[in-house]
Amino acid sequence: MTTLPETYQPAAVEAAAQAYWSEQDSFRAREDAGREKFYCLSMFPYPSGRLHMGHVRNYTISDVIARYQRMRGKAVLHPMGFDAFGLPAENAAIKSGVPPAEWTYANMSYMKRQLSQLGFAFDWSREIATCRPEYYRWEQWLFLQLYKKGLVYRKNSVVNWDPVDNTVLANEQVIDGRGWRSGALVEQREIAQWFLKITDYADQLVDDLQTLDGWPDAVRTMQANWIGRSQGVEIDFALADGSGEKLAPADFGGKLTVYTTRPDTLFGVSFVSVAAQHPLALAAAQRDAKVAAFVEEAKQSSVAEAALATQEKKGVALGVDVIHPLTGEKVPVWAANFVLMGYGTGAVMAVPAHDQRDWEFASAYGLPKKIVIAGPQGLPDITAAAYTEYGSLVNSGAFEGKDFDAAFESIASALEQKSAGRRRTNYRLRDWGVSRQRYWGCPIPIIYCADCGAVPVPDDQLPVVLPENLRPDGAASPLTRTPSFYECACPSCGKPSRRETDTFDTFFESSWYYARYACPDFAGGMLDERAKYWLPVDQYVGGIEHAVLHLLYARFFHKLMRDSGLPVAGNEPFTRLLCQGMVVAGTYYRELPGGKKDWINPADVDVQYDERGAPLSATLRADGGPVLIGGREKMSKSKNNGVDPETIINSHGADAVRLFMMFTSPPEQSLEWSDAGIDGAARFLKRLWRMVSEHVAGGPAPALEAAPLSAVQKDLRRKTHQTIAKFGDDVGRRYQFNTAIAAAMELVNALQKFEGSTDQDRAVRQEALNALAACLAPITPHISHTLWTALGNAGAVIDAAWPEADPAALVSDAIKLVVQVNGKLRGQIEVPVGSSNEAILAAAKSEENVVKFLAGSAIKKEIVVAGKLVNFVI
RNA sequence: GCGACUGUGGCGAAAUCGGUAGACGCCCGAGACUUAAAAUCUUGUGCCAGCAAUGGCGUGCCGGUUCGAGUCCGGCCAGUCGCACCA
């Protein structure tokens, strides 16, 4: 037992705890076959410059889980690193001339210092920076393994092209169809790119979702929808006579193939639509100026799907007809801007009566709509919209009256017999295009030889090292202008050749970093046996914005690594997943002339409240003038509502920041930043500190003797053990940290009212304070570190065992029940534990207020819910 | 456009399996301490009526199931996130 200063000084407390952890090397993860392992992982940050509140929230959540599991006796791995390749480094270089490498390394060291200030228990000896050759050489190696297995191929695909800057643009660099820097109209351009055959794994990726019961249902649903497995039929429409004039006659095998999941509507086809990039449309464009104009127009747009899907539905007739495979009728072919070349066959049969997009298209161009599906009330009304439900077939020849399943089967069979179609499983998921025409990324290890074609870089020449001193300038990647990088000899014939200058999609790096943390120093391969010990990740924590892409690619990589014989355990990388919500803050602004808004940082604003506490008005502190109150929005530069974590740590301490983050919202919900809220968190820590300080000033507490406790002492003891039980359940099982902290606050409030100073009073208080220090240790580790020692406990709290609730202390003599009449609350009764239903009903019926409501009516039904309530129905 | 999610006091939230709506905290009000203020402590606080006991209303909107619905079902409205080259 040591004495404590009377007032809580977070800066000193936090420095002392951090010094202790550093001296003891407390955070180092050790493989220990004798202990259960727990791998707790946060999504690593992009080193953008400074930590923001979203990072703080993310890492506080994983730190609490990691520290809790450690107290549960597990061998815990909680690593951290940086997702160091990416576009912002190139943008910074364009703006300020600093090479991306220099900018990135500086940001990483700055953010690492900020992370240490927050007391996160990361094992920094395992730090990964993905821009280092020791890391990325292994993804080059894996890529070449996949190349040898035939899981990698090269094909043309479209990109956003800026014709002024002569460069490829990211979707986010296209603003209203124009390049962000040049302002030029963006065009679609086809270039050759490398692809990974993720579609070969589509079935596994969708089927294994069922095993991920530790994932939020929303994420599993989104992934399944993204993969979009569907059972359908591929149908061939023969090109009609006379179409040849518009076509190169020998092409297309004389037919146009479509994919549909609704073969039951085949008799409702009134035209066929193809994508603007479909070969049939391109061929027609060579002979028809109108078609050519449409194809050109389709090129003048972003490649983003959201942009394509929201644009007005437009099309052009190709002047080509095809023959319906079952009716023999001629139907026209149109090119339409809502048909995607990358999905299915790039052609769809149009059934305007039963598909909404076809309905809109047919309405716009005056094309016929044939009803072939009847609903329960007979023929559907399609004057306002298509009828897209399943139903029974009408106007469908031999298939009349069949339901969806029967129609699917028999129409598919009929087409197969005529060799005019086949059943097919299709995926919305497309193969993963991994080429990026960027400098700051991992070089793709391929060499182009005039004689040998694309040749993989031999293993002994890996890694292909990215030169770190180049400066992007907004035009094409500097790698394409650096002969010392791209000039090389063909590995197979020795002839002078050119190295690939594209780099990998940065999702490549983030798809396997979780595995490399197990053995970041292994120089002999991608992974060693330590990966088998630590994998899979037991708990992954990150933003919901990664629900589809990052998590899908990481799952894909896990399976690729497994199938390449690497020592990864299991079929899935992440057993449990927690997606935390955004950090939002209030916004304030002034209207500028012309309607523009001048956003003002919340830190510079004072808010005035009415008597109820509702905000009335706000003023700018600098000039006292009024500002307008906007909504709550995600913290961002554009709304100027960001709060710098470092400023708050300096003013309130890291523990107060951590406590506030965990208390204010449950982790999945958005969290609203509030300066008043952080004051409240700091206030709680001050109270707790003072309580311990006053308690230990009285000297060591005597041993607790449970038997002779008074009712008041028993009540506090029960509260202590209830808190321990609730805290463990909320933190360990539910991940509902806010209610755990609320329970701790209730215990502090109870302690505040508990005034005795006898030996047993002090013993009961000591037990409660020990419980608080231990339970709060994962959330507020610094203050817990000091209080735990001050309370006279041996060892540091970081190494302490998680407290166990004593069932004997939880027992209570009486329980309170609620009495309802017709489901409305009318009174409360207290009965001894173990009372019979008869005794409970008798007590309920004699409750004063209940008597009034029962008077004069017969009771029709009596409901007793054990431990909860009594309800009389009259 | 497609997919997913969210909606409860002045505010953040709680109610874990259909059983007391608003725990805990913020804001705000009253009081104590103080020359004064800050800090701290005590206390009140969903809305309406009432001195009170108590009653009525109340979980985005409309309807349904149930002795009982914030929770389950159907339909709407509003907002947020993702859409393949931001990470």
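Letters A, B, ... are given to chains in the order of the sequence lines, protein chains preceding strands, and every chain is numbered from 1. This is a predicted model, so every value here is computed, not measured.
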[N] [atom2] sits how many Å from [X] [atom1], rounded?
X       : N       : atom1 : atom2 : value
K753(A) : rU43(B) : NZ    : C1'   : 10 Å
L340(A) : rC83(B) : CG    : P     : 16 Å
F504(A) : rA87(B) : CZ    : P     : 15 Å
D358(A) : rG1(B)  : CG    : P     : 17 Å
H550(A) : rC83(B) : NE2   : P     : 14 Å
K719(A) : rC24(B) : NZ    : C1'   : 10 Å
Q223(A) : rC83(B) : CD    : P     : 13 Å
I859(A) : rC67(B) : CD1   : C1'   : 13 Å

Does [N] have its OP1 or OP2 closer than 4.0 Å to a side-chain nitrogen or oxygen of [X]?
X       : N       : result
Q736(A) : rA15(B) : yes
T506(A) : rA87(B) : yes
R683(A) : rC24(B) : no
N225(A) : rC83(B) : no
N822(A) : rG68(B) : no
R690(A) : rC41(B) : yes
Q669(A) : rA13(B) : yes
K824(A) : rC57(B) : yes
N91(A)  : rC86(B) : no
R436(A) : rC85(B) : yes
N171(A) : rA84(B) : yes
R826(A) : rU20(B) : no

**Asked** With a 4.0 Å cut-off, would you call R690(A) and E6(A) a salt bridge?
**Response**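 Judged by the 4.0 Å cut-off on N to carboxylate O distance, R690(A) and E6(A) do not form a salt bridge.
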**Message:** For K726(A), is there an ion pair with D729(A) - N to carboxylate O distance below 4.0 angstrom?
**Reply:**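 Looking at D729(A) and K726(A), the cut-off is not met.
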Reckon [X] touches a base, only the sugar-phosphate, or nothing at all at heavy-atom distances under 4.0 Å?
X       : result
P45(A)  : nothing
S670(A) : sugar-phosphate
V159(A) : base
L817(A) : nothing
A547(A) : nothing
F82(A)  : nothing
L869(A) : base
W432(A) : nothing
V607(A) : nothing
Q752(A) : sugar-phosphate
D679(A) : nothing
E305(A) : base
R687(A) : sugar-phosphate
V818(A) : base

Integer angstrom distance from the [atom1] of [N] to that of [M]:
N       : M       : atom1 : value
rG10(B) : rG58(B) : C1'   : 16 Å
rC85(B) : rA23(B) : C1'   : 48 Å
rA32(B) : rC57(B) : C1'   : 37 Å
rG31(B) : rU45(B) : C1'   : 15 Å
rU16(B) : rA36(B) : P     : 49 Å
rU43(B) : rG60(B) : C1'   : 34 Å
rG12(B) : rG19(B) : P     : 25 Å

For the side chain of [X] and the backbone of [Y], is there at least one donor-acceptor N/O pair under 3.5 Å apart?
X       : Y       : answer
D162(A) : D165(A) : yes
D355(A) : D358(A) : yes
D431(A) : F195(A) : no
T664(A) : M661(A) : no
Y439(A) : T503(A) : no

With hydrogens left out and only the distance checked, is there a donor-acceptor pair under 3.5 Å joining [X]'s side chain and the base of [N]?
X       : N       : result
R733(A) : rU16(B) : yes
K852(A) : rU54(B) : no
Q437(A) : rC85(B) : yes
E90(A)  : rC86(B) : no

Testing the 3.5 Å rule here: is there a donor-acceptor pair between the side chains of [X] and [Y]?
X       : Y       : value
D730(A) : Q736(A) : no
Q193(A) : S157(A) : yes
Q173(A) : R181(A) : no

**Request:** Identify all stems in which RNA chain B takes part, counting only runs of at least 3 consecutive pairs (Watson-Crick or G-U wobble, each distance under 3.5 Å), and give each as one range with another, ordered by first number.
**Result:**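 Counting only runs of 3 or more consecutive pairs, the stems involving RNA chain B are B:1-7 with B:77-83, B:10-12 with B:24-26, B:28-32 with B:40-44, B:46-49 with B:54-57, B:60-64 with B:72-76.
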**Prompt:** Which residue lies toward the 5' end of RNA chain B, S674(A) or R357(A), if each is placed at its nearest nucleotide?
**Reply:**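 Its nearest nucleotide being more 5', the pick is R357(A).
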**Prompt:** Of P666(A) and Y553(A), whose closest RNA chain B nucleotide lies nearer the 5' terminus?
**Reply:**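 Closest to the 5' end, via its nearest nucleotide, is P666(A).
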**Prompt:** Under a 90° cut-off about 0 for the syn range, is rC17(B) syn or anti?
**Reply:**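 Nucleotide rC17(B) adopts syn.
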**Message:** Give me syn or anti for rG9(B), where syn covers glycosidic angles within 90 degrees of 0.
**Reply:**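 Chi for rG9(B) falls in the syn range.
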**Message:** Can you tell me which residue among Y513(A), F504(A), W440(A) is in a ring pair (Phe, Tyr, Trp, His ring centres under 6.0 Å) with F85(A)?
**Reply:**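 The single option meeting the ring pair (Phe, Tyr, Trp, His ring centres under 6.0 Å) with F85(A) is W440(A).
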**Item:** Flag side-chain contact, heavy atom, 4.5 Å: V748(A) against F684(A)
**Value:**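 Yes, their side chains come closer than 4.5 Å.
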